[in-house]
Amino acid sequence: MLRHTRPKGTQDFIPPVSQQKLLVENTFRDLAVIYGFQEIVTPTFEHTELFIKSSGTGSDIVIKEMYSFQDRSQRSLTLKPEGTPGVIRAVLENRLVLPARLYYITPCFRYSRPQKGRYREFYQLGIEALGEASARTDAELIHFGVRFFSRLNIAGLTVMVNSIGCRTCRQDYREKLLTFLRLNREALCPDCQQRIEVNPLRVLDCKNDHCQTMLQKAPVPREYLCSDCQTHFTIVINELTARQLPYRIDDHLVRGLDYYNRTTFEFVSDKLGAQNSLGGGGRYDYLIEELGGPPTPASGLAIGLERTMLAMPQLEVPTGRRQLVFVIWTSENELRTAVDLTDRLREAGIPAQLSFDSPKLKRQLHLADLADAAFAVIVGEEELKRGVYGLKNLTTGEQIELPAPELISRLKPLLAV
RNA sequence: GUGAGUGUAGCUCAAUUAGGUCAGAGCACCUGACUGUGGCUCAGGAUGUUGGGGGUUCGAGUCCCCUCACUCACCCCA
């Protein structure tokens, strides 16, 4: 029985999975930079009110999923359940000049029962285009997502898009929907009956088959868009087509957070189980104003890192050895030289390691093998007398001798550093 | 928060139809054969309060109850 175990819903990223995670993050970073985004880092926790204000009191995140706590001065703080609110808060607080394109990689926390692709601590990769009003921006973010997933060789991806209108037309639609739902209340599942009053739009994407067949006749947001919203959506669609991005319009796609308007989109994978959304986003033209800033249009996208990793072809078990040189010494007399050599290798940018723990050559070679090093450099008494090092290729077993001064220059091309 | 399934060495799994040499194997790890050469082979070795607690029984990894953890699904969403 282990004495200490990780808290429920958290996970350890150990090698080689940690490498996989790094690959995903780096891919995201590179792409974000290419699209003109700069990184923003905000605190892991914020004042609780920030999230209540942004996500909406009706959202499940606020009602039952936040990791909230009182600090020692009785301030109510909350571990961030998503990335956007902190970013907006920081942008306003630091008076950043808009428009601005920002990206973030951050852990997020939600208290919910863990399952495949859902954790209590999870990582979100997000981009926010603040101060950009154009529908073309929305399409560009979708393009960003598609490109990101394709760079990671993720197949089976579907892009879902929809528009949920603006303040005005959404209100009209809401009334129509409410009338419809109240009329058909009995035919809906208990969950949906609840949702009618709390957040009626969410009834649309209920998973219950019964509800879905019934909802075929329900009014959908797109039918009630005002002309501006309609134009906006048309441009998004045209832009996607022009960029040759396949998409599906899903009239029932409603995002869970209250702050979205007009464009909403989601990346759905067919190899993920129940939690099949790899990421999603949309336009949120009211949030900044809502949080005390000037009226500012904005559009964003957030991707789930763990789900991305789940959808990747397979954990690329790195075949072959690590780009690492293991320095081996044969007796205490050579230890000093070995330590200095290791240090010089490192100065030259060559990953190098040695073991101080055993003077046994055999043991050291075995450790080099365990560490999966590509090469062993042998610093032996014989070699030192002649001014050479032994260089052993641990894959092939071949061993050659190199004049001491040549070692680094010969090693560099072998390790591609 | 609700439901179902699973819990045996670090890992993957065994342990006779209804409880009785049942606490094992393979991989991994350590030591040696190999006094300056890893991987291969051979010979040894260490490791488990069978998730935890209680009960039934002469006797429980095996049956019952509670609990914890994990997994999947609902819910929610990344």
Side-chain angles (χ1 to χ4, degrees), chain A residues 1-11 14 24 55 58-66 80-84 105-126 145 189-192 194-195 198-199 202 205-208 253-257 266-269 272-281 300-311 321 326 328-331 334 355 358-384 390-399:
Chain A
M1 188 64 184
L2 250 38
R3 213 182 172 79
H4 301 291
T5 55
R6 75 185 83 94
K8 193 184 191 72
T10 62
Q11 45 179 353
I14 58 174
V24 173
S55 300
S59 74
D60 275 48
I61 291 180
V62 167
I63 295 171
K64 49 189 188 191
E65 294 187 351
M66 292 207 301
K80 56 171 120 169
E82 50 148 341
T84 305
I105 297 178
T106 183
C108 295
F109 306 83
R110 287 182 207 168
Y111 189 90
S112 58
R113 197 81 167 260
Q115 72 188 67
K116 184 171 187 178
R118 187 172 76 184
Y119 306 94
R120 289 185 173 182
E121 180 182 26
F122 60 99
Y123 289 81
Q124 278 198 351
L125 315 167
C189 69
D191 286 322
C192 283
Q194 285 281 312
R195 282 191 274 244
V198 188
N199 196 342
R202 293 210 47 79
D205 65 2
C206 177
K207 278 182 191 164
N208 188 305
L253 172 63
V254 183
R255 308 242 74 224
L257 303 163
E266 198 166 311
F267 301 95
V268 177
S269 164
L272 238 47
Q275 307 298 319
N276 65 353
S277 170
L278 283 171
L301 154 67
I303 292 167
L305 179 128
E306 291 82 356
R307 292 184 187 180
T308 299
M309 289 172 71
L310 282 174
R321 290 168 171 272
F326 216 95
I328 285 165
W329 45 285
T330 52
S331 76
E334 290 79 40
S355 169
S358 172
K360 288 182 162 176
L361 177 62
K362 193 176 170 59
R363 175 70 185 156
Q364 290 182 51
L365 266 171
H366 184 55
L367 290 175
D369 198 39
L370 285 183
D372 226 17
F375 293 95
V377 170
I378 296 166
V379 183
E381 193 180 355
E382 291 298 311
E383 285 85 347
L384 281 189
L391 177 63
K392 187 178 179 94
N393 181 322
L394 291 174
T395 310
T396 63
E398 287 178 276
Q399 186 169 333

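Proteins get letters first, then strands, A, B, ... in listed order; numbering begins at 1 in each. Hydrogens, waters and symmetry mates play no part in the numbers below; they use all other heavy atoms, side chains included. Here the structure is a predicted model, which means the values were calculated and not measured.
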Exercise. Between atom OH in A:Y119 and atom P in B:rA73, what is the gap in whole Å?
Worked result: 11 Å
For this session: Between B:rC72, B:rU37, B:rA78, spot the one nearest the side chain of A:Q124, thanks.
Result: B:rA78
For this session: Please state how far atom CD in A:E382 lies from atom P in B:rU37, giving the value in whole angstrom units.
Result: 13 Å
For this session: Indicate the atoms forming the closest heavy-atom contact of A:Q115 with A:A274, along with that distance.
Result: NE2-CB, 3.8 Å
For this session: Taking only the side-chain heavy atoms of A:A274 (C-beta and beyond), determine which of B:rU37, B:rA73, B:rG1 contains the nearest atom.
Result: B:rA73
For this session: With sequence neighbours excluded, tell me which residues meet side-chain contact (heavy atoms from CB on, under 4.5 Å) with A:L272.
Result: A:S269, A:N276, A:L278, A:R307, A:L310, A:A311
Exercise. To the nearest angstrom, how far is A:K116 atom NZ from B:rA78 atom C1'?
Worked result: 15 Å
For this session: Could you measure between the two P atoms, the one in B:rC77 and the one in B:rU8, and give it in whole Å?
Result: 35 Å
Exercise. Reckon A:G273 touches a base, only the sugar-phosphate, or nothing at all at heavy-atom distances under 4.0 Å?
Worked result: sugar-phosphate
For this session: Can you check whether any acceptor in the base of B:rC77 is under 3.5 Å from a donor in the side chain of A:R307, or vice versa?
Result: yes
Seminar exercise, completed: The side chain to side chain contact (heavy atoms under 4.5 Å, CB included) partner of A:I378 among A:Q364, A:E334, A:E383 is A:E383
For this session: Give a yes/no verdict on base stacking between B:rA78 and A:F122: centres under 5.5 Å, planes within less than 30° of parallel.
Result: yes
For this session: Examine B:rC75: is either OP1 or OP2 under 4.0 Å from a nitrogen or oxygen in the side chain of A:K64? Give yes or no.
Result: no
Seminar exercise, completed: Residue set satisfying side-chain hydrogen bond (donor to acceptor under 3.5 Å, both in side chains) with A:T10, at least two apart, ordered chain then number -> none
Exercise. So what does A:Y123 touch, heavy atoms closer than 4.0 Å: a base, only the sugar-phosphate, or nothing?
Worked result: nothing
Problem set entry | Nearest-0.5 Å distance that lies between atom CZ in A:F326 and atom CG in A:L370 | 8.5 Å
Problem set entry | Spacing of the C1' atoms in B:rC13 and B:rU57 (rounded, Å) | 30 Å
Exercise. Reckon A:G126 touches a base, only the sugar-phosphate, or nothing at all at heavy-atom distances under 4.0 Å?
Worked result: nothing
For this session: Please measure how far the P atom in B:rU47 lies from the corresponding atom in B:rG24, and state the result in whole Å.
Result: 12 Å
For this session: Name the nucleic acid region contacted by A:E381, choosing base, sugar-phosphate or nothing; use a 4.0 angstrom heavy-atom cut-off, strictly under.
Result: base
Exercise. Quick one: on RNA chain B, does A:D191 or A:L365 contact a more 5' nucleotide (nearest heavy atom)?
Worked result: A:L365
Problem set entry | Minimum heavy-atom distance A:V254-A:D205, with the two atoms named | O-OD2, 3.4 Å
Problem set entry | RNA chain B: 5'-proximal contact among A:S112 and A:Q275 (nearest heavy atom) | A:Q275
For this session: Answer yes or no: does a side-chain N or O of A:R202 lie under 4.0 Å from OP1 or OP2 of B:rC77?
Result: yes
Seminar exercise, completed: Sorted by chain and number, sequence neighbours left out, side-chain hydrogen bond (donor to acceptor under 3.5 Å, both in side chains) with A:E266 holds for A:R255, A:S277
Pairs under 3.5 angstrom, nitrogen or oxygen only, protein versus nucleotides 28-35 of chain B, please.
{"from": "B:rC30", "atom 1": "OP1", "to": "A:R363", "atom 2": "NH1", "distance (Å)": "3.0"}
{"from": "B:rC30", "atom 1": "OP2", "to": "A:H366", "atom 2": "NE2", "distance (Å)": "3.0"}
{"from": "B:rG32", "atom 1": "OP1", "to": "A:K360", "atom 2": "NZ", "distance (Å)": "2.8"}
{"from": "B:rC34", "atom 1": "O2", "to": "A:K362", "atom 2": "NZ", "distance (Å)": "3.1"}

Exercise. CZ/A:F375 to CD/A:E398 distance, rounded to the nearest 0.5 angstrom?
Worked result: 9.5 Å
For this session: Using the P atoms only, state how far B:rU16 lies from B:rA23, rounded to an integer number of Å.
Result: 13 Å
For this session: Select base, sugar-phosphate, or nothing to describe what A:K8 touches, counting heavy atoms under 4.0 Å on all strands.
Result: sugar-phosphate
Exercise. Hey, does A:E82 reach any base, or is it just sugar-phosphate, or nothing, if we go heavy atoms under 4.0 Å?
Worked result: nothing
For this session: Quote, to the nearest angstrom, the P distance that separates B:rG7 from B:rG51.
Result: 8 Å
Exercise. Between the base of B:rG36 and the side chain of A:Q399, is there any donor-acceptor pair under 3.5 Å?
Worked result: no
Exercise. What nucleic acid atoms does A:E383 come within less than 4.0 Å of, heavy atoms only: base, sugar-phosphate, or nothing?
Worked result: base
Exercise. Which part of the nucleic acid, if any, lies within contact of A:I303, taking any heavy atom under 4.0 Å across all strands shown: a base, the sugar-phosphate backbone alone, or nothing?
Worked result: nothing
For this session: Using a 4.0 Å heavy-atom cut-off, write out nucleotides 4-11 of chain B from 5' to 3' as B (base contacted by protein), S (sugar-phosphate only) or - (no contact).
Result: --------
For this session: Check side-chain contact (heavy atoms from CB on, under 4.5 Å) between A:A376 and all other residues, then give those that pass, not counting sequence neighbours.
Result: A:I328, A:L365, A:K392, A:L394
Exercise. With distance as the sole criterion, do the side chain of A:Q364 and the base of B:rU37 form a donor-acceptor contact below 3.5 Å?
Worked result: no
For this session: Could I get the full list of salt bridge (Lys or Arg N to Asp or Glu O under 4.0 Å) partners for A:D369, not counting sequence neighbours?
Result: A:R321
Problem set entry | Counterpart residues, ring pair (Phe, Tyr, Trp, His ring centres under 6.0 Å), relative to A:F267 (two or more places apart) | A:F149, A:F265
For this session: Give A:T308 one of three labels, base, sugar-phosphate or nothing, depending on what nucleic acid heavy atoms sit under 4.0 Å from its own.
Result: nothing
Problem set entry | Whole angstrom value for the distance that separates C1' of B:rC74 from CG of A:N276 | 14 Å
Exercise. Quick one: side-chain contact (heavy atoms from CB on, under 4.5 Å) partners of A:Q11, sequence neighbours excluded?
Worked result: A:F13, A:Y119, A:E306
Seminar exercise, completed: With sequence neighbours left out, the residues meeting side-chain hydrogen bond (donor to acceptor under 3.5 Å, both in side chains) with A:S355 are none
Exercise. Below 3.5 Å, does any donor atom in the side chain of A:Q115 face an acceptor in the base of B:rC75, or the other way round?
Worked result: yes
For this session: Dot-bracket for RNA chain B, please, read 5' to 3', with Watson-Crick or G-U wobble pairs under 3.5 Å on both distances, ( ) within the strand, [ ] crossing, | other strand, . unpaired.
Result: (((((((..((((......[...)))).(((((.......))))).....(((((..]....))))))))))))....
For this session: Can you tell me, in whole Å, how much space there is between the C1' of B:rA46 and that of B:rA28?
Result: 13 Å
Exercise. Listed by chain and number, what are the side-chain contact (heavy atoms from CB on, under 4.5 Å) partners of A:P114, not counting sequence neighbours?
Worked result: A:K8, A:R120
